[in-house]
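Data block below; observations after.
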Amino acid sequence: MATVDIRGVHKAFGPTKVIHGVDISIEDEEFVVLVGPSGCGKSTLLRMIAGLEQISDGEIAIGGKVVNDVAPKDRDIAMVFQNYALYPHMTVYDNMAFSLKLRKAEKALIDQRVRQAADILGLNPYLERYPRQLSGGQRQRVAMGRAIVRDPQVFLFDEPLSNLDAKLRVQMRTEIKALHQRLKTTSIYVTHDQVEAMTMADRIVVMHDGIVEQVGSPLELYDNPANTFVAGFIGSPAMNFFQGTLRRNGGIWVEAEDGTKLPAPGNVGGSDGQKVVYGVRPEHLALAGGSSGVPAKVEVVEPTGADTLVFSKIAGVHTCAVFSERHDFRPGQEIKLQPRLDVVHLFDAASGQHL
Amino acid sequence: MATAALNRTGSIVRKPLVDLLDNRNVLSVICMAPAAILLLTFLTYPLGLGVWLGFTDTKIGRPGFFIGLENYISLFDDSVFWLVVFNTLLYTTVATVLKFGLGLYLALLLNNHLPFKAILRAIILLPWIVPTVLSAIAFWWIYDAQFSILSYMLQKMGLIDQYIDFLGKPNNARASLIAANVWRGIPFVAICLLAGLQTISPSLYEAAALDGATPWQRFRHVTMPMLMPILSIVLTFSVLFTFTDFQLIYAITRGGPVNSTHLMATLAFQRAIPGGQLGEGAAIATAMIPFLVAATLSSYFGLQRRKWQQGESDG
């Protein structure tokens with residue numbers, strides 16, 4: 001187990017720069033998720049930690065030791081690949097034993113470690129099977145078993161669940177988290193799925209276009225997004241955004257582009273007349289009665305059973321609202337929605353930064 | 001079929017031809033007929049005729065009579081025949097080993113990220129595209145006793161004192177022909193193995209690298225086992241092509257000197273057509289069949305799907 005320090009890391013493939021200076025320090029025993037849309041550089045960063053990509057500039061240290069020039073096999077890390085990368089010509093047992101065999105470990109030790117890992121992952125009945133004879137979830141477990149057997153300093157996960165169906169993904173998500181709570185090995189997990197990031201991470205690193213947008217615990221990112229990108233990326237369904245102008249006459253409010261008055265919290269920064277982006281999460285819109293609230297025209301209602309998603313148009317913008325109680329709106333119906341003021345976010349329109 | 005007939009009971013006239021074509025058995029015979037006729041005419045008939053001729057004393061211009069195993073008995077006592085069998089086995093073995101060694105090496109090289117990769121691959125294929133006879137003539141010239149460019153270069157480099165008699169001495173001639181065959185055969189092996197290498201997922205190599213495998217161990221534990229299925233197919237074809245080689249030999253040495261480079265195919269032709277002994281030539285050609293069957297069978301067993309390639313059969 002070890003800390004991982006990423007200091008001023010850059011990556012360029014020829015003239016194309018993909019990572020523009022990333023600094024992250026990961027604590028011992030921490031589970032960190034790198035999340036971002038595809039092409040943001042998160043997988044490249046992970047592969048640089050693994051040693052599968054050269055570091056163009058900056059340094060990466062594992063357990064305090066700079067590993068820029070250390071070969072992948074000497075970094076004492078294990079990686080779970082998106083396609084699992086199981087050796088098709090080896091049985092499950094041999095797949096898991098391979099690294100120890102290469103290290104010339106004793107047969108008894110190999111056997112003990114493999115069976116232990118198989119126990120943890122429930123793979124005992126499948127040890128003599130070949131990868132082809134396993135289901136997706138079982139292959140996924142073998143890939144993790146191969147990593148566990150190594151007892152490495154750091155686990156690296158490269159979108160390990162993206163090849164599974166939705167139900168299995170949720171199940172394996174929980175299993176990986178439970179495994180981490182049990183083994184406590186420092187883990188770095190790459191995903192493009194913010195739900196995975198939210199549910200699994202101790203800390204989330206949100207990446208976008210080769211830079212780190214924000215680092216923090218899942219709830220920190222949810223409650224205090226640093227900018228519009230993080231605000232829009234974290235949370236499902238995504239936050240609603242309205243372009244507008246901040247007004248400080250007659251209370252604090254935001255004038256949307258079509259003149260609609262959006263109520264803003266009293267403690268907000270920013271000056272009168274400043275162009276802002278007004279953000280409110282779907283779950284923070286409540287049904288309002290009487291004269292209060294913002295007028296909305298219902299377009300689509302999606303009942304999911306637990307929640308009701310109501311898509312409507314506020315100030316000409318498509319808006320989503322989530323209600324835990326059931327509603328029976330008709331399309332075209334005029335309703336009024338009241339944003340919860342304590343969780344409304346205002347961002348500077350030019351920089352996207354939180355005000 | 002029954003339902004089709006039933007549906008038609010209401011129609012005014014039953015069409016027997018349509019009903020016949022609806023019959024699955026009739027239809028399958030009709031569909032197979034073109035392929036079957038082609039195979040029978042151009043494969044089975046010549047093969048059968050060849051085998052039959054081997055049991056007769058047919059000569060050119062004279063129909064033969066059935067003489068049983070006489071051709072084979074005389075071949076059994078024919079030292080030239082046994083020399084030719086030895087030549088063929090030597091030629092096939094050495095050429096195949098070299099083709100696979102060098103072909104695999106080339107394939108591994110080409111599988112790396114190289115500049116001008118596409119052009120390099122095209123160049124590799126060239127020896128295979130050139131008509132055999134053309135390259136045979138080129139080699140004949142290269143190996144010429146007086147005008148050999150190879151001897152010329154070696155002499156200019158000071159490595160030899162006098163021109164090498166490539167085709168005049170038995171072992172020189174054998175080595176020269178094997179070299180020519182290897183030169184021609186490498187592209188096929190290299191390109192096929194390259195195709196096999198490209199089906200291996202790069203992430204397997206990355207996983208192996210993280211697992212602590214050295215480049216040699218990666219080759220030994222990942223590349224080789226994953227390449228075995230295609231390797232054994234290519235090996236089978238290569239052995240069959242080499243064993244039955246005719247053009248190169250006939251164009252460069254015609255089997256000489258003193259039969260030292262005759263292969264079974266060239267000897268069969270030599271005795272049957274220029275020699276006129278159609279029966280004996282056919283017997284020699286037929287004698288190749290056991291060797292070819294053995295080679296095919298061994299690769300058939302080698303080719304059987306390995307356990308790890310099988311699907312969720314017992315899952």
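Atoms considered below: every heavy atom in the structure, side chains included; atoms not considered: hydrogens, waters and symmetry mates. Note that the structure is a prediction, hence the values are computed from the model and not measured. Chain A is the first sequence line, chain B the second, and so forth, proteins listed ahead of strands; every chain is numbered from 1.
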Taking atom [atom1] of [X] as the centre, does the number of heavy atoms from other residues, nucleotides or ligands within less than 6.0 Å exceed 12?
X: B:Lys117; atom1: NZ; value: yes
X: B:Phe246; atom1: CZ; value: yes
X: A:Phe13; atom1: CZ; value: yes
X: B:Trp128; atom1: CH2; value: no
X: A:Arg7; atom1: CZ; value: yes
X: B:Gln198; atom1: CD; value: yes

For this session: Using non-hydrogen atoms and a 4.5 Å limit, figure out which bit of A:Arg75 sits close to chain B: side chain, backbone, both or neither.
Result: neither

Exercise. Relative to chain A, which segment of B:Glu206 carries a heavy atom at a distance below 4.5 Å: side chain, backbone, both, or neither?
Worked result: both

Exercise. Chain B contacts: which residues in residues 94-105 of chain A have a non-hydrogen atom closer than 4.5 Å to it?
Worked result: A:Phe98, A:Ser99, A:Leu102, A:Arg103

Exercise. With chain B, which of A:Lys73, A:Arg146, A:Met79 has the greatest number of heavy-atom pairs at distances under 4.5 Å?
Worked result: A:Lys73

Exercise. Which residue out of A:Phe81, A:Tyr126, A:Tyr84 racks up the most heavy-atom pairs below 4.5 Å with chain B?
Worked result: A:Phe81

Exercise. To the nearest 0.5 Å, what is the distance between CG (B:Leu210) and CG (A:Asp74)?
Worked result: 11.0 Å

Exercise. Which atoms form the tightest heavy-atom contact between A:Asn83 and B:Ser201, and what is the distance?
Worked result: ND2-OG, 3.7 Å

